[in-house]
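What follows is a single structure, written as structure tokens, with notes after it.
Predicted model, so just to flag it, every value in this text is computed and none were measured. Just so we're on the same page: letters track the sequence lines, and every chain starts at 1.
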2 protein chains.
Amino acid sequence: MKTKTNVLTPQELEIMKVVWERGASTVRDVYELLRKKRKVAYTTVMTMMNILVDKKHLQREKVDGAYRYEPTKPKKQVVGAMVRDFVGRVFDGSARPLLLQLVEDRHLTEADLQEIEQLIEEKLK
Amino acid sequence: MKTKTNVLTPQELEIMKVVWERGASTVRDVYELLRKKRKVAYTTVMTMMNILVDKKHLQREKVDGAYRYEPTKPKKQVVGAMVRDFVGRVFDGSARPLLLQLVEDRHLTEADLQEIEQLIEEKLK
DNA sequence: CAATCTATACTAAAAAATTAGTACTAATGA
DNA sequence: TCATTAGTACTAATTTTTTAGTATAGATTG
């Protein structure tokens, strides 16, 4: 079975976020955490994690009888790919309109804006 | 059939982009355009456009026998919602890390950066 | 050791997304 | 007017995503 995009689906992302945060984890670890937020079956989490192994987002190894899953790629890299995919699809690949939207769109505090400004100045230097 | 997210799927977005660009369009209009880029059946486009009517992204009216479909909401608004959804899912709702990524991530020309800086300055004033 | 619990494999099914075929109707052009 | 074509309705298949049940093998404990 071939996947169309190499980008994480929402549920896959949800699990990856847990594993990035916790580091190497068992299905149970992830299950317990997700369970706090919503109803989900243990086996569902396992299926998802195994799909993520298929997709090379996780790798697993047996430690003391139980499998431990860990990310194959750092979060930054995967999220970066997701951002590029999103910018590609929604803004035809140009980040500028997205930037403009974000800056306009009052989702940022003054401190945020100042930090961005700083960064831009550094870049422009 | 209930949809989980109210956000456009990739294929839906592809069609919406055409209709936002062209304004009120027939299935054939959209079909011809998409066809230039990839193989797709006329009826596929129609199905998608009717799904988009169900989802209230398009509305249609009969003009001279043929249906013409037009967006119910401006592109900016829908894309804004997509950005918010994305930021919510990927960055837990905070736009700042996305901004930082984009600014760092060499997808921007110097001119882009200057424009953003301008905007930020205005905002901060 | 038998009962129980845990992790995993195997299986599968519902829901959503994507794609498209077939048949019917209305317009049109010869 | 009749054959052809364009538009539409109706229907449905395939793929992907999401969710989860059942069975089994190994560990655990009373």
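Between B:Thr44 and C:dT19 there is no side-chain polar atom (N or O) within less than 4.0 angstrom of OP1 or OP2. A close approach under 4.0 Å does occur between a side-chain nitrogen or oxygen of B:Tyr67 and OP1 or OP2 of D:dA9. Distances shown here put every side-chain N or O of B:Lys55 at or beyond 4.0 Å from the OP1 or OP2 atom of C:dA16. Checking the phosphate oxygens (OP1, OP2) of D:dT17, no side-chain nitrogen or oxygen of A:Gln11 falls inside 4.0 Å.
In this entry the distance linking CE of B:Met48 with C1' of D:dA13 reads 16 Å, nearest Å. Rounded to whole Å, atom P of C:dA12 lies 17 Å from atom CG of A:Asn50. Rounded to whole Å, atom C1' of D:dT17 lies 14 Å from atom CG of A:Asp54. The distance from atom CE of A:Met16 to atom P of D:dT17 is 15 Å, rounded to the nearest whole Å. The interatomic distance linking B:Met49 (CE) with C:dT18 (P) rounds to 16 Å, in whole Å. The separation between B:Asp29 atom CG and D:dT8 atom P is 11 Å, rounded to whole Å. Whole-Å rounding puts the B:His57 NE2 to C:dA17 C1' distance at 14 Å. For the pair B:Lys62 NZ and C:dA27 P, the interatomic distance rounds to 8 Å; values are reported in whole Å.
Residue B:Arg68 is out of contact with every strand shown, counting any heavy-atom pair closer than 4.0 Å.
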Below 3.5 Å between N/O atoms, which protein atoms pair up with nucleotides 4-6 of chain D? Just atom names and distances, please.
none

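With A:Glu12 as the partner, the salt bridge (Lys or Arg N to Asp or Glu O under 4.0 Å) test is satisfied by one option alone out of A:Lys17, A:Lys56, A:Lys55: A:Lys55. Of the options A:Arg28, A:Lys36, A:Arg35, a salt bridge (Lys or Arg N to Asp or Glu O under 4.0 Å) to A:Glu32 is made by A:Arg28 and by none of the others.
Residues B:Tyr69 and B:Asn50 have side chains that bring a donor and an acceptor to within less than 3.5 angstrom of each other.
Distances were taken from every side-chain heavy atom of A:Ile51 (C-beta onward) to each of D:dA20, C:dA17, D:dT18; the shortest belongs to D:dT18. Taking only side-chain atoms of B:Met46, from C-beta outward, the nucleotide of D:dA9, C:dT8, C:dT19 with the closest atom is D:dA9. When each of D:dT19, D:dA12, C:dT8 is scored by its nearest atom to the side-chain atoms of B:Thr47, the top-ranked nucleotide is D:dA12.
A salt bridge is absent between B:Arg60 and B:Glu70: the closest approach of a Lys/Arg side-chain nitrogen to an acidic carboxylate oxygen does not fall below 4.0 angstrom.
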For side chain to side chain contact (heavy atoms under 4.5 Å, CB included), just list the numbers for A:Gln101 and B:Lys76, CA-CA rounded to whole Å, side-chain angles, deciding distance to a tenth of an Å, and then say yes or no.
CA-CA 9 Å; A:Gln101 256 243 357; B:Lys76 199 175 178 64; 4.0 Å; yes

Please walk me through it: do A:Leu99 and B:Asp112 pass side chain to side chain contact (heavy atoms under 4.5 Å, CB included)?
CA-CA 9 Å; A:Leu99 253 301; B:Asp112 289 340; over 6 Å; no

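In B:Arg89, the CZ atom is crowded: over 12 heavy atoms of neighbouring residues, nucleotides or ligands sit closer than 6.0 Å.
Residues of residues 34-43 of chain A that place a heavy atom closer than 4.0 Å to DNA chain D, in numerical order, are A:Arg38, A:Lys39, A:Val40, A:Ala41, A:Thr43.
Residue side chain B:Thr9 does not reach the base of C:dA16 through any donor-acceptor N/O pair under 3.5 Å, judged by distance alone.
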